[in-house]
Amino acid sequence: MLLETIATIIMNCTYLFLKVSSNGEFPSPLSSAKEKEHFLKYKEGDLESRNILIERNLRLVAHIVKKYYTTYKDQDDLISIGTIGLIKAIDTYNTENGARFATYACTCVKNEILMYFRSIKKIQCETSIYDSIDVDKDGNPLTYIELISCEDTIADDLDTKIKSDYAQKIIETKLTKREKEIIKMRYGIDNIKPKTQKEVSVVLGISRSYV
């Protein structure tokens, strides 16, 4: 559903910009009465009214970009991004809340552009642990992962000790005296050399099946 919505937005933006580029000018805005009429029709499912609302408010997007982002070189990109904010505004605007659509749309357009700039900043600040930061003495790329990697087994050793201590506690508190002897001899616990089932059975004088 989300992918379909995004695809629809992209297609609408492409269609509208192609339409505008044919004469080089943005369509004039709707009157308040006409705007309200198209909103009511759109809420009833008229997608053509939705397209008209988008098309007739493109001038607002262009005005915001030119007023607040005059130094940004790719203004066409910002108009495209701002148009997505405009479409979101049209889809969520409530004609009964008393606010003018232009005021509401202006906020949505600015927010969309702001999110775009934030995403760019985040991407620029991200660094992969596989990025090359230097070369070694042989001229091979040296990455972050190679610098922070460690060959020791401290974590594994600690995990084994914790599990061993827990097992030892279970052996001492849950098993009978005979069961403890069998387990300790079989697995070499308490500095006892591990024995086979047959060896344990001989020492304790019991069958291998019991061991």
Side-chain angles (χ1 to χ4, degrees), residues 1-134 141 143-145 147-148:
M1 186 66 179
L2 178 58
L3 292 176
E4 290 177 357
T5 302
I6 294 172
T8 301
I9 289 173
I10 293 173
M11 286 190 292
N12 281 337
C13 289
T14 303
Y15 164 76
L16 289 167
F17 278 112
L18 287 173
K19 189 172 181 179
V20 169
S21 62
S22 64
N23 57 21
E25 295 182 359
F26 289 101
S28 58
L30 295 167
S31 65
S32 297
K34 277 290 183 183
E35 186 175 81
K36 186 173 182 179
E37 178 185 332
H38 282 296
F39 267 113
L40 293 174
K41 287 183 178 180
Y42 170 45
K43 296 306 177 184
E44 293 174 355
D46 186 351
L47 295 182
E48 181 59 29
S49 287
R50 179 178 186 262
N51 289 335
I52 291 172
L53 287 166
I54 297 171
E55 181 183 341
R56 293 303 189 93
N57 282 284
L58 284 174
R59 185 184 295 268
L60 173 64
V61 178
H63 172 74
I64 291 171
V65 171
K66 293 181 185 301
K67 180 177 180 180
Y68 296 102
Y69 304 99
T70 54
T71 59
Y72 192 74
K73 59 180 181 179
D74 296 323
Q75 293 210 343
D76 285 346
D77 288 346
L78 289 190
I79 292 176
S80 298
I81 294 160
T83 301
I84 294 175
L86 170 65
I87 293 171
K88 290 180 179 179
I90 290 170
D91 289 345
T92 57
Y93 178 64
N94 183 358
T95 56
E96 298 179 358
N97 65 9
R100 293 179 61 239
F101 173 70
T103 303
Y104 179 70
C106 183
T107 302
C108 292
V109 170
K110 288 180 181 178
N111 286 343
E112 196 69 29
I113 294 173
L114 181 60
M115 285 193 296
Y116 169 70
F117 283 126
R118 284 175 178 169
S119 67
I120 291 178
K121 186 175 181 181
K122 181 180 179 182
I123 292 171
Q124 289 174 339
C125 292
E126 288 178 350
T127 302
S128 170
I129 59 175
Y130 298 102
D131 286 347
S132 176
I133 57 173
D134 205 345
T143 63
Y144 285 108
I145 189 65
L147 289 177
I148 65 176

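This structure is a prediction, so every number in the text was calculated from the model and none was measured. Residues: numbered from 1 along the sequence shown.
Of the inter-residue distances, the one linking N57 atom CG with L30 atom CG reads 6.5 Å to the nearest 0.5 angstrom. Distance CD1/I81 to CG/L86: 14.0 Å, rounded to 0.5 Å. Summarising the geometry, atom OG belonging to S28 is positioned 4.5 Å from atom CZ belonging to R56; distances are rounded to the nearest 0.5 Å. To the nearest 0.5 Å, atom CG of residue L47 and atom CG of residue L53 are 11.5 Å apart. Once rounded to the nearest 0.5 Å, the distance linking NZ of K67 with CD1 of I64 reads 9.0 Å.
Looking only at distances, a side-chain donor or acceptor of Q75 sits under 3.5 Å from a matching main-chain atom of Y69. For R50 (side chain) and I90 (main-chain N/O), no donor-acceptor pair under 3.5 Å exists by modelled atom type.
Legend: residues meeting side chain to side chain contact (heavy atoms under 4.5 Å, CB included) with E96, ordered by chain and number and at least two apart, are N94. Residues passing the side-chain hydrogen bond (donor to acceptor under 3.5 Å, both in side chains) test with Y93, sequence neighbours excluded: none.
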Identify every side-chain donor-acceptor pair in residues 104-114 under 3.5 Å, counting partners at least two apart or on other chains, and give the distances.
unit_1	atom_1	unit_2	atom_2	d
Y104	OH	T92	OG1	2.6
T107	OG1	T103	O	3.3
K110	NZ	Y68	OH	3.4
N111	ND2	T107	O	3.4
E112	OE1	K88	NZ	3.0
E112	OE2	K88	NZ	3.4

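Identified under the side-chain hydrogen bond (donor to acceptor under 3.5 Å, both in side chains) test for residues 31-40, with sequence neighbours left out: E37-K41, H38-S49.
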Tell me, with the steps shown, if I52 and Y42 meet side chain to side chain contact (heavy atoms under 4.5 Å, CB included).
-> CA-CA 10 Å; I52 291 172; Y42 170 45; over 6 Å; no
